[in-house]
Amino acid sequence: MTETQPPSPLNPGVSVSLLGTGPMGAPIARNLIDGGVSLTLWNRTLHKAEAIQGGTVAARPTDAAADVVLTVLPDLPQVEALLDGDDGLLAGWARAGVVEPVLVIHGTVSPTAVAAFAADCKSRYGVVVIDAPLSGGTIGAEQGRLSIMAGGPQGVVQWLTPLFELYSSTVMWFGEAGAGAIVKACNQIVVAATVTALSESMALAKASGLDLQNVQAILKGGLANSEVLQQKGGRWITGDFDGGGSAKNQLKDLRFITEAAADAGLTLPVANTLKSAFETMVTDGLGDLDHTGIYLSITSNRAKEPS
């Protein structure tokens with residue numbers, strides 16, 4: 001971005017695209033379109049982008065090289081892969097004459113890696129990278145009440161905020177690129193711990209012959225209540241752990257957390273224990289399930305214990 005403040009990102013003269021129309025990206029895209037944004041969409045599996053009404057589907061990333069590019073992808077390597085080649089964003093920005101594009105990374109990525117990536121993009125290509133992970137899950141995305149924790153140039157984050165507010169209820173700047181990912185790491189410690197604690201609670205209740213719905217009603221009435229329980233409590237009752245935020249992604253986040261902790265000179269015993277638990281779950285072949293499926297790993301391990 002230049003020193004002259006450009007028009008609002010909601011201005012029709014500012015082009016916006018979203019790359020990655022998966023479980024989080026699709027509802028974000030719908031909220032943007034409902035908010036009046038003329039949105040270009042790209043997804044590796046094209047039909048998922050085509051299923052979103054009101055957007056313009058790009059066949060290649062280069063065709064989605066807008067002034068503001070929002071990426072909702074699992075990890076940083078998937079974002080990096082969009083840049084180079086004739087089909088990449090860099091070629092598209094050059095053809096479109098976009099001198100200083102803004103690239104927003106909404107995925108949960110390594111704080112160290114995204115800081116280095118942002119510095120490299122700025123120095124080599126003039127691309128401003130905003131590290132902006134999300135919290136709130138698919139329900140938050142659908143309801144437009146995500147939380148965005150942002151790192152990068154503060155003025156750029158402020159400029160983007162009206163756009164972010166079309167799918168988020170909280171937008172907060174924390175510092176330079178990498179700061180947003182650190183906040184997301186803090187968030188994910190609590191999420192992973194809560195998911196695992198609730199799974200252990202439900203496993204104990206089930207093994208004791210209790211009605212899980214009634215147990216959850218008690219938990220929801222006291223300090224044990226949480227957004228995880230409100231959104232996902234039904235999974236333990238029905239035993240349906242398909243879809244949702246995968247255990248593989250939870251493990252990826254926990255690895256980033258331990259990396260960030262090591263950089264800060266910290267040992268986090270709970271995070272390390274959680275990482276081991278989710279490594280077991282993934283090794284057991286359950287990695288594609290929702291992270292609440294750690295319940296299955298817990299109950300399976302119980303069954304294997306000697307009497």
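Throughout, residue positions are numbered sequentially from 1 according to the sequence presented.
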Atom pair [atom1]/[atom2] of [X] and [Y] - distance to nearest 0.5 Å:
X	Y	atom1	atom2	answer
Leu266	Thr258	CG	OG1	12.0 Å
Ser38	Ile33	OG	CD1	9.0 Å
Leu146	Leu166	CG	CG	12.0 Å
Leu73	Gln78	CG	CD	6.5 Å
Asn249	Asp75	CG	CG	8.5 Å
Glu50	Leu46	CD	CG	4.0 Å

Minimum heavy-atom distance [X]-[Y], with the two atoms named:
X	Y	result
Gly55	Leu41	CA-CD1, 4.1 Å
Ala193	Val270	CB-CG1, 4.4 Å
Trp173	Pro153	NE1-C, 4.1 Å
Pro101	Gly126	CD-O, 4.0 Å
Leu82	Pro61	CD2-CG, 3.8 Å
Ala65	Gly92	CB-C, 3.4 Å

Legend entry - Cationic N near anionic O, under 4.0 Å, Glu227 to Lys220: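 No salt bridge links Glu227 with Lys220.
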Legend entry - Pair Glu100 + Lys122: basic N to acidic O under 4.0 Å: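 Yes, this pair counts.
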So [Y] and [X], do their side chains get closer than 4.5 Å, heavy atoms only?
X	Y	result
Leu198	Leu229	yes
Met281	Gln250	no
Cys121	Leu83	yes
Arg255	Glu279	yes
Met172	Ile148	no
Val127	Leu89	no
Phe278	Thr196	yes
Glu200	Leu204	no

Inset, instruction - Apply side chain to side chain contact (heavy atoms under 4.5 Å, CB included) to the pair Asp86 and Thr62, showing each step before the final yes or no. - result: CA-CA 7 Å; Asp86 292 340; Thr62 193; over 6 Å; no
What side-chain donor-acceptor pairs closer than 3.5 Å can you find for residues 232-243, not counting sequence neighbours?
unit_1, atom_1, unit_2, atom_2, d
Lys232, NZ, Asp290, OD1, 2.8
Lys232, NZ, Asp290, OD2, 3.4
Lys232, NZ, His291, NE2, 2.9
Arg235, NH1, Asp240, O, 3.0
Arg235, NH1, Asp242, O, 2.9
Arg235, NH2, Asp242, O, 3.2
Trp236, NE1, Ser199, OG, 3.1
Thr238, OG1, Gly234, O, 3.0
Thr238, OG1, Asp240, N, 3.2
Asp240, OD1, Asp242, N, 3.1

Inset, instruction - Mind running salt bridge (Lys or Arg N to Asp or Glu O under 4.0 Å) on Arg145 and Glu165 for me, showing each step along the way? - result: CA-CA 8 Å; Arg145 56 180 186 88; Glu165 287 176 340; over 6 Å; no
Please check this pair: side chain of [X] against backbone of [Y], looking for a donor-acceptor N/O pair closer than 3.5 Å.
X	Y	value
Asp131	Gly180	yes
Asn31	Ala141	yes
Ser201	Ala197	no
Trp93	Ala66	yes
Ser17	Ala64	yes
Ser276	Asn272	yes
Ser8	Leu10	yes

Inset, instruction - Check the pair Met149, Phe174 against side chain to side chain contact (heavy atoms under 4.5 Å, CB included), reporting the backbone distance first and the verdict last. - result: CA-CA 7 Å; Met149 50 223 82; Phe174 284 92; 3.8 Å; yes
Under 4.5 Å between side-chain heavy atoms, counting indirect links through other Ile/Leu/Val/Met/Phe/Trp/Tyr residues: same cluster for [X] and [Y] or not?
X	Y	answer
Val79	Leu160	no
Val156	Val171	yes
Leu18	Val57	no
Tyr295	Val215	yes
Leu212	Val195	yes

Inset, instruction - Under the side chain to side chain contact (heavy atoms under 4.5 Å, CB included) rule, what do Leu289 and Leu296 come out as? Steps first, then yes or no, please. - result: CA-CA 10 Å; Leu289 296 179; Leu296 298 177; 3.7 Å; yes
Inset, instruction - Please list, chain by chain and in numerical order, all residues satisfying salt bridge (Lys or Arg N to Asp or Glu O under 4.0 Å) with Arg30, sequence neighbours excluded. - result: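 For Arg30, no residue satisfies salt bridge (Lys or Arg N to Asp or Glu O under 4.0 Å) once neighbours in sequence are set aside.
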Residues, nucleotides or ligands: over 12 heavy atoms within 6.0 Å of [X] [atom1]:
X	atom1	answer
Arg44	CZ	no
Gln213	CD	no
Leu210	CG	yes

Inset, instruction - Can you spot which of Ser147, Pro133, Ser135 makes a side-chain contact (heavy atoms from CB on, under 4.5 Å) with Asn187? - result: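 Output: one option passes, namely Ser135.
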Legend entry - Passing option when Phe164 is tested against Leu32, Thr170, Ile28, Leu70 for side-chain contact (heavy atoms from CB on, under 4.5 Å):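 Among Leu32, Thr170, Ile28, Leu70, the one that satisfies the side-chain contact (heavy atoms from CB on, under 4.5 Å) with Phe164 is Leu70.
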Inset, instruction - Start with the C-alpha distance between Val102 and Val104, add both sets of side-chain angles, then the distance that settles side chain to side chain contact (heavy atoms under 4.5 Å, CB included), and finish with yes or no. - result: CA-CA 6 Å; Val102 176; Val104 177; 4.1 Å; yes
Review item, side-chain donor-acceptor pairs of residues 105-120, under 3.5 Å, at least two apart:
unit_1, atom_1, unit_2, atom_2, d
His106, ND1, Ala132, O, 2.6
His106, NE2, Tyr167, OH, 2.8
Thr108, OG1, Lys184, NZ, 2.7
Ser110, OG, Thr112, N, 3.4
Ser110, OG, Ala113, N, 3.1
Ser110, OG, Glu259, OE2, 2.5
Thr112, OG1, Asp263, OD2, 2.7
Asp120, OD2, Arg124, NH1, 3.4

